[in-house]
Engineer: 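One structure, as structure tokens, below. Some questions next.
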Amino acid sequence: MHEAYDIHGVQAKWLPIWDELTPFRSGSADDARPKKYVLDMFPYPSGDLHMGHAEAYALGDVIARYWIQKGFNVMHPIGWDSFGLPAENAAIKRGVDPRAWTYENIAIHKASMRRYACSFDWDRVLHTSDPEYYKWNQWLFLELYKKGLAYRKDSAVNWCPTDQTVLANEQVVAGLCERCDTPVTKKKLNQWYLKITDYADRLLVDMDQLEGNWPEKVMLMQRNWIGRSSGAEVSFVIEARAEPIVVYTTRPDTLYGVTFMVVAADSELAAELVAGSEIEPEFKAYVDGVKAASDIDRLATDRPKTGIFLNRYAINPVNGERLQIWASDYVLSDYGTGAIMAVPGHDQRDLDFARAMKLPVVVVLDTGEEDPNQTGIATAGEGTLINSGSLNGLSKTDAITKITAELVEKGLGKSAKNYRLRDWLISRQRFWGTPIPIIHCDSCGEVPVPQDQLPVRLPDAAGLDLKPKGSSPLGAAQDWVNVSCPKCGAPAKRDADTMDTFFDSSWYFLRYTNPFDDVKAFDAELVNQWLPVDQYVGGVTHAILHLLYSRFFTKVLFDIGLLNFTEPFTRLLNQGMVLMDGSAMSKSRGNLVTLSEQLDMHGVDAVRLSLVFAGPPEDDVDWADVSPTGSLKFLNRAWRISGDITSEPGVDFTTGELSLRKVTHKALHDIGFAVESFRFNVAVARIMELVNATRKAIDSGCGPKDPAAREAAETIAIALSLVAPYTAEEMWERLGHKPAIAKAGWPTLDESLLEADAVTAILQINGKIKDRIEVSPSISESELEKLAFANSEISSAIAGATILKVIVRAPKLVNIVL
RNA sequence: GCCCCCGUAGCCCAAUGGCAGAGGCAGAGGACUUAAAAUCCUUCCAGUGUCGGUUCGAGUCCGACCGGGGGCACCA
């Protein structure tokens, strides 16, 4: 009869003791130990923690706890991204105060995180919805405003006709409002933007610093999102217009193939070109139709091309041909110059348009493909220029170089770059967010709220109608919105919009260095000591927005002179999702697995272990594929070992039995290596091996009294402390030590124990294995070769044959090629 | 349509270009037990999606295809 391992009892026992010991309070930044800043993406406080949180925090914890054991001064903070729409939804649906709802949820989260034994530094907690935090959002906004990086403009924004509100791009899912599934339309509104496009090139180029330390996938997504392209800007003279129209093209080599020009239907340019003409009414009707079209329609790339001829003409600068100018919605008003030169022979969209409107198609690049006039397929390959005057006979790249130089010479164009990245719209017509610290005065215009009047606090939600109605709820708070202008004292109004909550999360990692600083957003010295973040852990859902915005803010703050680094996150780990039966968990699908139930059933350690062991951290975990009962069984085996050891703590390990010691040190080496290379599942497998080997040694090897058995048991406990903190602490006590094991220190590796006594060398003929022999790991190549030829399998196989080549890789392999 | 990642045992997954299996789940058998649970021991199972190439040697590198997943999507 074995004594039973009571995981729930162990949890209840250690939690208060850890609360007392606070093993995860970060040292001060002048701590002599090297620093490590390990950061988990902070959560939105919606309900309780779920399985996804459990996985992310289990992984972040392995990393943080490992570096603590390795003797680093680790900062592993936590906070809450606590502004946002769900609080308002709850307020609307259930009539609760969004503030109360939010902070109640935070309390629930916090309690769950403590039970889950996350190694967070609880003395650095921040909430973005605290005025003490969002004051600095407002400060930062005004810094951006000062630098001309925050501005207002009229633009067509996503609009949900049902909810009567502006939507962020991320709230538009496949053209539908994520809340009510209504097709989203566009609406022209005056909104605040941040000029992230000024940083497009640096955001792209600085990614070279992250190479190898960020997932390739994320960097690729960011590169695509920024979408830099290079080409040329070309001026086209317009009949009856003083100014030429400039177009952007990536294919200036096809200039001789231009057969018409298209301007964006919703652009000011298009309106100007038809102003006063007889087709203006027809044009207006077309534009109205375009504006009414939902994103759903626009998303269908194969829908027929539409457009209207503007009765205006441009002149092709290279051959003087007269080109019809059309307006169409397939040209975007906010990319490039909002006007294009159309080359139907070599651009599919232009060809589709040309065929629909019966416009001419000219081929200027012989690619060996079939005639687009016949096939309806524009040719896009490499080839030789034809029908192109001075460019004839050149290759595509040579032609681009030559024509660009010619355009520059004649003052008709220049080489140019373009980005797909757009400026960041940060205005939101919502209540539960940071008020934009601007006052609108009839005579002074936009007036920043003076520094000493920050924060602009949110008014009480009580009495405000938070229902979406097309304008910010704050606008109805009369006492709040009506102020006197800080400049002239005349009656003025506060900006009633609040900031996108991505603003809050784009710099929170700086604030952790001193979340209670009430004179500045962060201390430059402290920040430059702790930052950049050495290890960031979070979901791939933030691959673009959050990470791009954070990188942008970091560069701006660097330029202001407050930071001495330009990239905030040195290393990034994206954990996968937790699925159930192959798909994302959701109530409607009926496959929801509740974290608290799993914890009640299997205990914290078994759940954490299951998530970490399930596979590589970046892969999705299917909860149907893991076995928390199996994890618990393993923890039990490990725990039992700690009770079997009969030697005293502090015994000299070097007197222990050698073979077990070698296994222990090999495991120690492999576990460290696996953790540092993010292969946590492999690290766990190595701990399991060590447990198996130790079990065997205690039962039928060196026995429980041998110092090697204690060494193995203590190594297991410390390694396990990264994943299963309760079990590890309990083992540590049973082994005669005082808490907390989290700070026990990683055992010192004895390199001399890593070398095996003998290794198996494989003997091959033509790459096929003939025999295996035991050799010394330090055997020389010639020695090994000699042994190989002396081997009976080999000698019989090579009898009479000609040896072409012998490959020797001591001490592992000999391959004889016949 | 464009781009990226991944296909190893019934399942989850290991394997610096060098013995395909480390670890686990599930299955089978056994020990202990009056029996069961727990525990311990033993054990079955694939030649790495397909085809071709490079190499002395390929799960690993290259190419094509098939299958799965993801990102972008009228960006000129």
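Values in this document were obtained by computation on a predicted structure and should not be read as measured data. Numbers restart at 1 for each chain; the letters A, B, ... are given by sequence-line order, proteins then strands. Side chains included, hydrogens not; waters and symmetry mates left out as well; all remaining heavy atoms used.
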Engineer: Looking at B:C5, I'd like to know if its phosphate oxygens (OP1 or OP2) sit under 4.0 Å from a side-chain N or O belonging to A:K217.
Structural biologist: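 It does not, given that no N or O in the side chain of A:K217 lies less than 4.0 Å from OP1 or OP2 of B:C5.
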Engineer: Give the nucleotide from the list B:C72, B:C19, B:A14 with an atom nearest to the side chain of A:R772.
Structural biologist: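 Among B:C72, B:C19, B:A14, the one nearest the side chain of A:R772 is B:C19.
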Engineer: State whether A:S627 places a side-chain N or O below 4.0 Å from either non-bridging phosphate oxygen (OP1 or OP2) of B:C12.
Structural biologist: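 So the side chain of A:S627 is outside the cut-off, no N or O lying under 4.0 Å from OP1 or OP2 of B:C12.
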Engineer: From B:C74, B:C41, B:C72, pick the nucleotide closest to the side chain of A:R637?
Structural biologist: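 Among B:C74, B:C41, B:C72, the one nearest the side chain of A:R637 is B:C41.
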Engineer: On RNA chain B, does the nearest nucleotide to A:T337 precede the nearest nucleotide to A:K633 from the 5' side, or the other way round? Give the residue.
Structural biologist: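 The answer here is A:K633.
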Engineer: Just to confirm, is there a sub-4.0 Å distance from OP1 or OP2 of B:C4 to any side-chain nitrogen or oxygen of A:N224?
Structural biologist: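 Looking at the OP1 and OP2 atoms of B:C4, neither is under 4.0 Å from any side-chain N or O of A:N224.
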Engineer: Kindly indicate whether the side chain of A:Q764 and the base of B:G18 share any N or O donor-acceptor pair separated by less than 3.5 Å?
Structural biologist: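 Result: at least one qualifying N/O pair found.
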Engineer: Counting side-chain heavy atoms from CB outward, which of B:C4, B:A76, B:C13 is closest to A:N681?
Structural biologist: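 Closest of the options to the side chain of A:N681: B:C13.
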Engineer: Are any of A:R420's side-chain N or O atoms less than 4.0 Å away from OP1 or OP2 of B:A73?
Structural biologist: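 Result: no.
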Engineer: Looking at A:R223 and A:E211, does any basic side-chain N land under 4.0 Å from a carboxylate oxygen?
Structural biologist: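 A salt bridge links A:R223 with A:E211.
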Engineer: Hey, which of these two, A:I807 or A:I769, hits RNA chain B nearer its 5' end, going by closest nucleotide?
Structural biologist: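 Going by which nucleotide is closer to the 5' end, it is A:I769.
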Engineer: Can you figure out which of B:C56, B:G23, B:C40 approaches the side chain of A:N692 most closely?
Structural biologist: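 Nearest to the side chain of A:N692 among the choices is B:G23.
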Engineer: If I take atom CG in residue A:N636 and atom P in nucleotide B:A37, what distance separates them, rounded to the nearest angstrom?
Structural biologist: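 A:N636 atom CG is separated from B:A37 atom P by 16 Å.
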Engineer: Base of B:C19, side chain of A:K812 - is there a donor-acceptor contact under 3.5 Å?
Structural biologist: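 Such a pair does not exist between side chain and base.
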Engineer: Starting at CD of A:E689 and ending at C1' of B:A15, how long is that distance when rounded to a whole Å?
Structural biologist: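 In whole Å, B:A15 C1' and A:E689 CD are 12 Å from each other.
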